[in-house]
Amino acid sequence: MAKEPVRVLVTGAAGQIGYALVPMIARGVMLGSNQPIILHMLDIEPATEALNGVKMELVDAAFPLLMDVVATTDAIVACKGVNIAVMVGGFPRKEGMERKDVMSKNVSIYKAQASALEKQAAPDCKVLVVANPANTNALILKEFAPLIPEKNITCLTRLDHNRALGQLSERLKIHVGQVKNVIIWGNHSSTQYPDVNHATVTPTNSEEKPVRSVVADENWLNTEFITTVQQRGAAIIKARKLSSALSAASAACDHIRDWVLGTPKGTWVSMGVSSDGSYGIQSGIIYSFPVTCDKGQWSIVQGLKIDDFSREKMDATAKELVEEKTLAYSCLN
């Protein structure tokens, strides 16, 4: 029996990440090769022509899973009945702008989109915020869409998680699939903490071993590895003269796929979720934790040992998120 189509919203769909993301969704990368999709694409009025161009290309690609495409600049139309919402649209920081100016623009965008989602989306809609500041944009969405279950609002730190896996696989000259259970704690910013203390590697023709013992270079793991992951986005901008799009789109697919279809047994991933106080992190902020997913629900991995080095870094990124929350709320007054 044919599956019912899933309605997936992508905001900022005519932008760089959106352009990379929509064909991945239409091809089944996000929800599987047997799940039909109805794609909803939203962008701002000045992007109308570009948005229609993306729609034309989706038609021309003749994706077997793509049942229909809605392309609009009206948030109410875009959010109607959606089961999954990937919030890529936001106001980017421009040269000379103060942090509060950027926050103020994004607070107004996410306050309006929260209202449209709450009124129009399916009751069990799963939301992933990609646009920066991702954690705080997700927090604003959560505050202004109280009817959407709190556990259904998340932000993207899977990109950072994947970057950490990539750095380790490059260092060890092994396939990225042989490394697992890194953790990104905290904010999707340069204060995030990429943690390898619980990560493992399975070398070819060998048993699973701790990453620290296989890398055997504490200095690299505690310094260069961390800063490389933290600053990878800036390095890509320097190299491409554009921000990460392909890798961000791929990570968004990974995030939703694991959330909906489940994480493999014995493996966790990093997701920005509403803190319940686990690991001493202030409740209510959107903070990246290690999670496992099953039957469409995520759960924070409990009981991991936290050393003093990790504690300091986890608290520093939490402090930044509390500051961002204060700044965002000041923009509402």
Side-chain angles (χ1 to χ4, degrees), residues 11-12 17 87-114 117 127-146 148 150-161 163 183-195 226-227 229-234 237 243-244 248 251-252 255 270-289 291 300 310-333:
T11 72
I17 296 172
M87 317 300 283
V88 180
F91 195 91
R93 189 168 185 171
K94 295 178 179 174
E95 200 173 341
M97 282 186 78
E98 293 295 325
R99 194 155 161 253
K100 184 168 181 177
D101 298 333
V102 185
M103 189 71 76
S104 178
K105 294 273 189 190
N106 281 294
V107 163
S108 61
I109 291 168
Y110 277 83
K111 187 178 173 185
Q113 293 190 346
L117 271 174
V127 183
L128 168 61
V129 177
V130 176
N132 288 323
N135 300 60
T136 301
N137 285 343
L139 179 71
I140 293 299
L141 200 80
K142 176 170 77 92
E143 294 292 319
F144 287 96
I148 297 176
E150 187 173 88
K151 286 198 78 163
N152 282 23
I153 296 174
T154 65
C155 81
L156 187 71
T157 57
R158 183 62 176 270
L159 175 55
D160 310 299
H161 182 100
R163 284 167 171 165
I183 302 168
I184 302 298
W185 299 100
N187 199 1
H188 175 62
S189 76
S190 61
T191 67
Q192 65 176 260
Y193 170 43
D195 178 2
I226 291 173
T227 55
V229 176
Q230 288 173 331
Q231 296 167 15
R232 187 68 162 183
I237 290 172
S243 60
S244 313
H255 176 114
S270 301
M271 287 172 62
V273 299
S274 184
S275 173
D276 61 359
S278 291
Y279 297 100
I281 301 305
Q282 181 177 310
S283 293
I285 60 172
I286 305 287
Y287 188 97
S288 182
F289 288 96
V291 303
I300 296 172
S310 297
R311 182 79 263 164
E312 186 181 331
K313 293 199 172 296
M314 289 164 66
D315 289 347
T317 191
K319 181 172 179 281
E320 182 183 57
L321 281 167
V322 171
E323 288 167 359
E324 280 191 15
K325 178 181 178 179
T326 304
L327 185 59
Y329 277 53
S330 74
C331 297
L332 293 167
N333 299 331

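Worth saying up front: this structure is predicted, and the values here are computed from it rather than measured. Sequential numbering from 1 along the given sequence is applied to the chain's residues.
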Point-to-point distance, once rounded to the nearest 0.5 Å, from CD of Glu323 to OG1 of Thr136: 10.5 Å
Side-chain touch Asp160/His188, heavy atoms, less than 4.5 angstrom: yes
Nearest heavy atoms of Ile140 and Val107, plus distance in Å: CG2-O, 3.9 Å
Distance, nearest 0.5 Å, that separates CE of Met103 from SG of Cys331: 6.5 Å
Pair Glu324-Asn135, side chain to side chain donor-acceptor pair (under 3.5 Å): steps then yes or no: CA-CA 9 Å; Glu324 280 191 15; Asn135 300 60; over 6 Å; no
Residues, nucleotides or ligands: over 12 heavy atoms within 6.0 Å of Lys319 NZ: no
Closest contact, heavy atoms only, Ile300 versus Tyr279: CG2-CE1, 4.2 Å
Any donor-acceptor N/O pair, Ser190 side chain to Gln231 backbone, under 3.5 Å: no
Lys313 to Ile226 - nearest heavy-atom pair and separation: CE-CD1, 4.2 Å
Smallest separation among heavy atoms of Met87 and Thr11, with atom names: CA-OG1, 3.3 Å
Other residues, nucleotides, ligands: >12 heavy atoms within 6.0 Å of Arg163 CZ: yes
Stepwise side-chain contact (heavy atoms from CB on, under 4.5 Å) check, Leu332 with Lys111: CA-CA 10 Å; Leu332 293 167; Lys111 187 178 173 185; 4.2 Å; yes
Ile281 vs Trp185, side-chain contact (heavy atoms from CB on, under 4.5 Å): CA-CA, chis, key distance, verdict: CA-CA 10 Å; Ile281 301 305; Trp185 299 100; 5.8 Å; no
Shortest non-hydrogen contact between Gly233 and Ser244, atoms and distance: CA-OG, 4.3 Å
Ser288 side, atom OG; Tyr193 side, atom OH - distance, nearest 0.5 Å: 13.0 Å
Any donor-acceptor N/O pair, Gln230 side chain to Gln192 backbone, under 3.5 Å: yes
Main-chain N/O of Ile184 paired to Ser270 side chain as donor or acceptor, under 3.5 Å: yes
Derivation of the side chain to side chain donor-acceptor pair (under 3.5 Å) call for Ser189 and Glu320: CA-CA 9 Å; Ser189 76; Glu320 182 183 57; 2.6 Å; yes
Trace of the salt bridge (charged side-chain N to carboxylate O under 4.0 Å, His left out) decision for Asp101 with Lys105: CA-CA 6 Å; Asp101 298 333; Lys105 294 273 189 190; over 6 Å; no
Heavy-atom pair with the smallest gap, counting every atom of Leu117 and Val127: CD1-CG2, 4.2 Å
Atom pair CG (Leu141) and CG (Leu128), whose distance is rounded to the nearest 0.5 Å: 11.0 Å
Minimum side-chain heavy-atom gap Tyr287-Met314 below 4.5 Å: yes
Flag, side chain of Ser275 to backbone of Gln282, donor-acceptor distance under 3.5 Å: yes
CA sep, side-chain torsions, deciding dist, call: His161, Thr157, side-chain contact (heavy atoms from CB on, under 4.5 Å): CA-CA 6 Å; His161 182 100; Thr157 57; 6.0 Å; no
side-chain contact (heavy atoms from CB on, under 4.5 Å) evaluation trace for Leu139 with Lys142: CA-CA 5 Å; Leu139 179 71; Lys142 176 170 77 92; 3.8 Å; yes
Separation of Asn187 CG from Ile286 CD1 (nearest 0.5 Å): 11.0 Å
